[in-house]
Amino acid sequence: MSKILLSILLLSISSFALTLDQVRADLKKSAMAQDSTEMSIRTTVNSAAGRQTISIYMVKKGESKIYIEMKSPLMNQRSIVNASRMKVIDLNTNKFQIHPYNGDALGAKSYAKFNPLESGDWQEPEFVSENLYKINGSKGTLYYDSRKKRIEKLENDGETSSTLTTFTYDAENNLKSMNVSVIAAGVETKITTEILALRSSKNFPDKLFEF
């Protein structure tokens with residue numbers, strides 16, 4: 001009888017086990033469609049070399065229309081992608097160049113990647129406590145809240161450095177910031193990316209993609 005009860009208990013637990021596919025699906029549901037967004041973000045880097053701020057305004061209408069303005073102490077640039085062409089404008093001089101575009105990732109887009117599970121190899125979630133699960137992978141160990149359906153933090157301890165990424169949310173569970181702390185050779189670098197605005201790009205004028 002005890003073996004039967006144990007088997008029933010194990011089956012019951014496994015039926016409610018969280019899967020990696022389920023986590024990815026839940027994160028995709030809670031996030032605005034990435035191919036139709038208008039966002040403004042600010043990234044601040046505090047390191048031994050000083051403080052640097054990078055501001056990015058990005059609009060995507062599908063994969064064929066992308067509008068990006070990137071401002072930093074070293075760059076003041078606008079990039080516009082329309083199908084197979086890309087126009088790059090130096091906003092300090094208003095000089096521009098037009099290049100073929102083959103779908104390569106734009107550098108500014110890397111600042112708007114908030115979901116580590118979108119790439120890399122990850123194992124199935126392991127229960128930690130209550131609603132918290134950990135997911136081990138090639139990028140470290142990620143902690144996921146199954147009730148709030150959100151990533152809480154990501155830890156990565158390497159041979160020469162360690163990285164801790166934490167995520168903050170507003171009252172409606174929308175991501176507000178991603179905070180990265182990197183410690184290497186006893187020196188800490190902090191990178192904070194704040195989401196200042198995030199909405200659908202449906203009202204963004206299509207004429208701004210024309211050139």
A.B. asks: Looking at D206 and K61, what are the two nearest heavy atoms and their distance?
C.D. replies: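 Closest approach of D206 to K61: OD1-NZ, 3.0 Å.
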A.B. asks: For S201 and K60, indicate whether the former's side chain and the latter's backbone hold a donor-acceptor pair under 3.5 Å.
C.D. replies: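 Flag set: sc S201 to bb K60 pair under 3.5 Å.
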A.B. asks: Say you draw a straight line from OG1 of T165 to CG of L154; how long is it, rounded to the nearest 0.5 Å?
C.D. replies: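 Reported to 0.5 Å precision, the distance equals 5.0 Å.
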A.B. asks: How long is the gap from CG on D90 to NZ on K95, to the nearest 0.5 Å?
C.D. replies: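 Reported value, rounded in 0.5 Å steps: 8.5 Å.
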A.B. asks: P205: what forms a side-chain contact (heavy atoms from CB on, under 4.5 Å) with it, not counting sequence neighbours?
C.D. replies: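 Per chain and number, P205 pairs via side-chain contact (heavy atoms from CB on, under 4.5 Å) with K207, L208.
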A.B. asks: What are the two closest heavy atoms between L132 and D145, and how far apart are they?
C.D. replies: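 In terms of heavy atoms, the two residues are closest at CD1-N, 4.5 Å.
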A.B. asks: Salt bridge (Lys or Arg N to Asp or Glu O under 4.0 Å) with E155: which residues, sequence neighbours excluded?
C.D. replies: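 By the salt bridge (Lys or Arg N to Asp or Glu O under 4.0 Å) rule, E155 matches K153.
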A.B. asks: How close do Q52 and P73 get, heavy atom to heavy atom, and via which atoms?
C.D. replies: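 Nearest heavy atoms, Q52 then P73: CG-CD, 3.8 Å.
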A.B. asks: For L74, what are the other residues in its hydrophobic cluster, where any two members join if their side-chain heavy atoms are less than 4.5 angstrom apart?
C.D. replies: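 For L74, no cluster forms, as it stays isolated from other hydrophobic side chains.
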A.B. asks: How about S36 and S200: does a side-chain donor come under 3.5 Å of a side-chain acceptor?
C.D. replies: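 S200 and S36 do not have a side-chain donor-acceptor pair below 3.5 Å.
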A.B. asks: List in chain and number order the residues that pass side-chain hydrogen bond (donor to acceptor under 3.5 Å, both in side chains) with T193, two or more places apart in sequence or in another chain; answer none if no residue qualifies.
C.D. replies: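 Residues passing side-chain hydrogen bond (donor to acceptor under 3.5 Å, both in side chains) with T193: T43.
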A.B. asks: If the test is side chain to side chain contact (heavy atoms under 4.5 Å, CB included), which one of L198, I56, L196 qualifies with I41?
C.D. replies: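 For I41, the side chain to side chain contact (heavy atoms under 4.5 Å, CB included) check succeeds only for I56.
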A.B. asks: Going by side-chain contact (heavy atoms from CB on, under 4.5 Å), name the residues that satisfy it together with T141, two or more places apart in sequence or in a different chain.
C.D. replies: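 With neighbours one apart ignored, the set is K134, N136, Y143.
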A.B. asks: If you take the centroid of each ring, where Trp contributes its six-membered ring, are F167 and F114 closer together than 6.0 Å?
C.D. replies: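 No, ring centres 6.0 Å or more apart.
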A.B. asks: Sequence neighbours left out, what passes side-chain contact (heavy atoms from CB on, under 4.5 Å) with S119? Give chain and number order.
C.D. replies: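 Scan of S119 (side-chain contact (heavy atoms from CB on, under 4.5 Å), adjacent residues dropped) gives K139.
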A.B. asks: Consider only side-chain heavy atoms of I, L, V, M, F, W and Y, link residues closer than 4.5 Å, and tell whether F209 and M58 are in one cluster.
C.D. replies: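 No: no chain of side-chain contacts under 4.5 Å links F209 to M58.
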A.B. asks: K148: what forms a salt bridge (Lys or Arg N to Asp or Glu O under 4.0 Å) with it, not counting sequence neighbours?
C.D. replies: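 Checked K148 against salt bridge (Lys or Arg N to Asp or Glu O under 4.0 Å); zero matches.
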A.B. asks: List in chain and number order the residues that pass salt bridge (Lys or Arg N to Asp or Glu O under 4.0 Å) with R42, two or more places apart in sequence or in another chain; answer none if no residue qualifies.
C.D. replies: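 Listed in chain order: E194.
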A.B. asks: What pairs with F127 under ring pair (Phe, Tyr, Trp, His ring centres under 6.0 Å), at least two apart in sequence or on another chain?
C.D. replies: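 Scan of F127 (ring pair (Phe, Tyr, Trp, His ring centres under 6.0 Å), adjacent residues dropped) gives Y133.
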A.B. asks: Name all pairs fulfilling the salt bridge (charged side-chain N to carboxylate O under 4.0 Å, His left out) condition that reach into residues 163-186, sequence neighbours left out, sorted by first residue then second.
C.D. replies: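 Output for this query is empty, none listed.
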A.B. asks: So, for N92 and N76, which heavy atoms are closest and what is the spacing to 0.1 Å?
C.D. replies: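 Heavy-atom minimum between the residues: OD1-ND2, 3.0 Å.
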A.B. asks: Using the test side-chain contact (heavy atoms from CB on, under 4.5 Å), find all partners of E69 that sit at least two apart in sequence or belong to another chain.
C.D. replies: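 side-chain contact (heavy atoms from CB on, under 4.5 Å) check on E69 returns Y57, Y67, K71, R78.
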A.B. asks: Sub-3.5 Å donor-acceptor pair from the side chain of R85 to the main-chain atoms of I98, do we have one?
C.D. replies: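 Checking the backbone N and O of I98 against the side chain of R85, no donor-acceptor pair under 3.5 Å is found.
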A.B. asks: For a quick test of reading the model, state the closest non-hydrogen atom pair linking L18 to S146 and the distance between them.
C.D. replies: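 Shortest heavy-atom contact: CD2-CB, 4.2 Å.
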A.B. asks: Report the distance from atom CG of D26 to atom NZ of K149, rounding to the nearest 0.5 Å.
C.D. replies: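 D26 CG to K149 NZ: 4.5 Å, rounded to 0.5 Å.
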A.B. asks: With sequence neighbours left out, what residues match K65 under salt bridge (Lys or Arg N to Asp or Glu O under 4.0 Å)?
C.D. replies: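 K65 satisfies salt bridge (Lys or Arg N to Asp or Glu O under 4.0 Å) with no other residue.
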A.B. asks: What is the distance from atom CG of L142 to atom CD1 of I135, rounded to the nearest 0.5 Å?
C.D. replies: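 So the CG of L142 and the CD1 of I135 are separated by 5.0 Å.
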A.B. asks: Ignoring hydrogens, what is the shortest heavy-atom contact between F211 and I80? Give both atom names and the distance.
C.D. replies: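 Smallest heavy-atom distance, with atoms named: CE2-O, 3.6 Å.
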